[in-house]
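What follows is a short report on a single structure.
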Amino acid sequence: MARDTKIRTRTQEGATEILVLVNHPMETGLRKDKASGKAIPAHFIQELTIELNGKPLAIASMGIGVSENPLLGFRSKVAKNGDKLKISWKDNKGEASTAEAVVDA
Amino acid sequence: MTLINRRTFLKGTVAGSVLAVAASAGLLTPTRVLAAAWPAAAFDAKTIDDALKGLYGTSAAADSKAITIKAPIQAENGAVVPIAVSTSLPGVEGIAIFVQANERPLVASVALNGADGYFSARMKMGKTSDVKVVVKSGGKLHTASQQIKVTVGGCGG
């Protein structure tokens, strides 16, 4: 399944806000399949890194309490239009993805 | 009430059996090695204090008025509860969000490296609970909390 990683930037309260949306089930491992009664295995993003112009800006560690299709927001006063953003994430099953964007707030 | 009891019961038994199966198959160790930086102990912790110790090595946090939590007072859908944390504290190194009543209270923890003292996400809440935010600034922990009422829980099966 395709796991899109979308990045959007906007100006918010004098800072550049970076919004990251990842298409991911964020399965807790605590749920049961209603039809078969079997536990649904956990499948969630554990770590997501934001790099600004090649330098890490923030690293988010996530647990099973983060909602399906996580939407994370970060702010930076330093980031300006044209700066390069790179998002990379990795989940508990070893799936990983990278996305790049340019700040356009 | 029966619904809540069933939910609690399911959560307890399923969590236990999944862990037991994973441990007996030797699955836990490789996962932890792969995600070396991911603080597994903190995310597996069942209390906020234990999770904080796993994250920062201490659970001592002082109440702070410099932390603002933007979240609904009442959430209709516990599966998607928006929260935004901002703080005027200087030199913010990290922000962590906990839901007291969740089976695993730690929702997310961000390490900030030059980013502003701000973090927003959407979280799951099993039931009405206090949400606690801990901000690490200047090597110290600061905290604030807010109760969020949940009409339909978002953690059950």
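Below, chain A is the first sequence line, B the second, and so on; all start at residue 1.
- Under a 3.5 Å cut-off, the side chain of A:K77 and the backbone N or O of B:D116 do not form any donor-acceptor pair.
- Within the 4.5 Å cutoff, no side-chain heavy atoms of A:V66 are placed close to those of B:M123.
- Residues B:I69 and A:L71 do not share a hydrophobic cluster, clusters being chains of Ile/Leu/Val/Met/Phe/Trp/Tyr side chains in contact below 4.5 Å.
- Under the 4.5 Å side-chain heavy-atom criterion for ILVMFWY residues, a single connected hydrophobic cluster contains both B:L106 and B:I48.
- Linking ILVMFWY side-chain heavy atoms closer than 4.5 Å, directly or via other members, places A:I45 and A:I7 in a single hydrophobic cluster.
- In this structure, the side chain of B:N113 does not engage the main chain of A:L57 through any donor-acceptor pair within 3.5 Å.
- Within the 4.5 angstrom heavy-atom criterion, atoms from both the backbone and the side chain of A:N69 approach chain B.
- No side-chain heavy atom of B:R104 sits under 4.5 Å from any side-chain heavy atom of A:T28.
- Cluster annotation: B:V107 is connected to B:L141 through the hydrophobic network of ILVMFWY side chains, with a link wherever side-chain heavy atoms come within less than 4.5 Å.
- Nearest heavy-atom pair, A:M26 versus B:K124, reported as atom, atom and distance to 0.1 Å: O-NZ, 2.6 Å.
- Linking ILVMFWY side-chain heavy atoms closer than 4.5 Å, directly or via other members, places B:I97 and A:F44 in a single hydrophobic cluster.
- Taking chain B as the reference chain and counting heavy-atom pairs below 4.5 Å, the highest number among A:P56, A:A58, A:S61 is found for A:S61.
- Between the side chain of B:N102 and the main chain of A:G65, no donor-acceptor pair closer than 3.5 Å is present.
- Residues B:R122 and A:L21 have side chains in contact (heavy-atom distance under 4.5 Å, counting atoms from C-beta outward).
- Proximity to chain A involves both the backbone and the side chain of B:Y118, based on heavy atoms less than 4.5 angstrom apart.
- Residue A:Q12 holds its CD atom at 11.0 Å from OG of B:S86, rounded to the nearest 0.5 Å.
- Between the B:W38 side chain and the A:M62 main chain, a donor and an acceptor come within less than 3.5 Å of each other.
- Taking the centre of each ring, A:F74 and B:F119 come in below the 6.0 Å mark.
- For chain B, the nearby part of A:E68 is the backbone; its heavy atoms alone come within less than 4.5 Å.
- Within the 3.5 Å criterion, the main-chain N or O of B:A79 finds a donor-acceptor partner in the side chain of A:S67.
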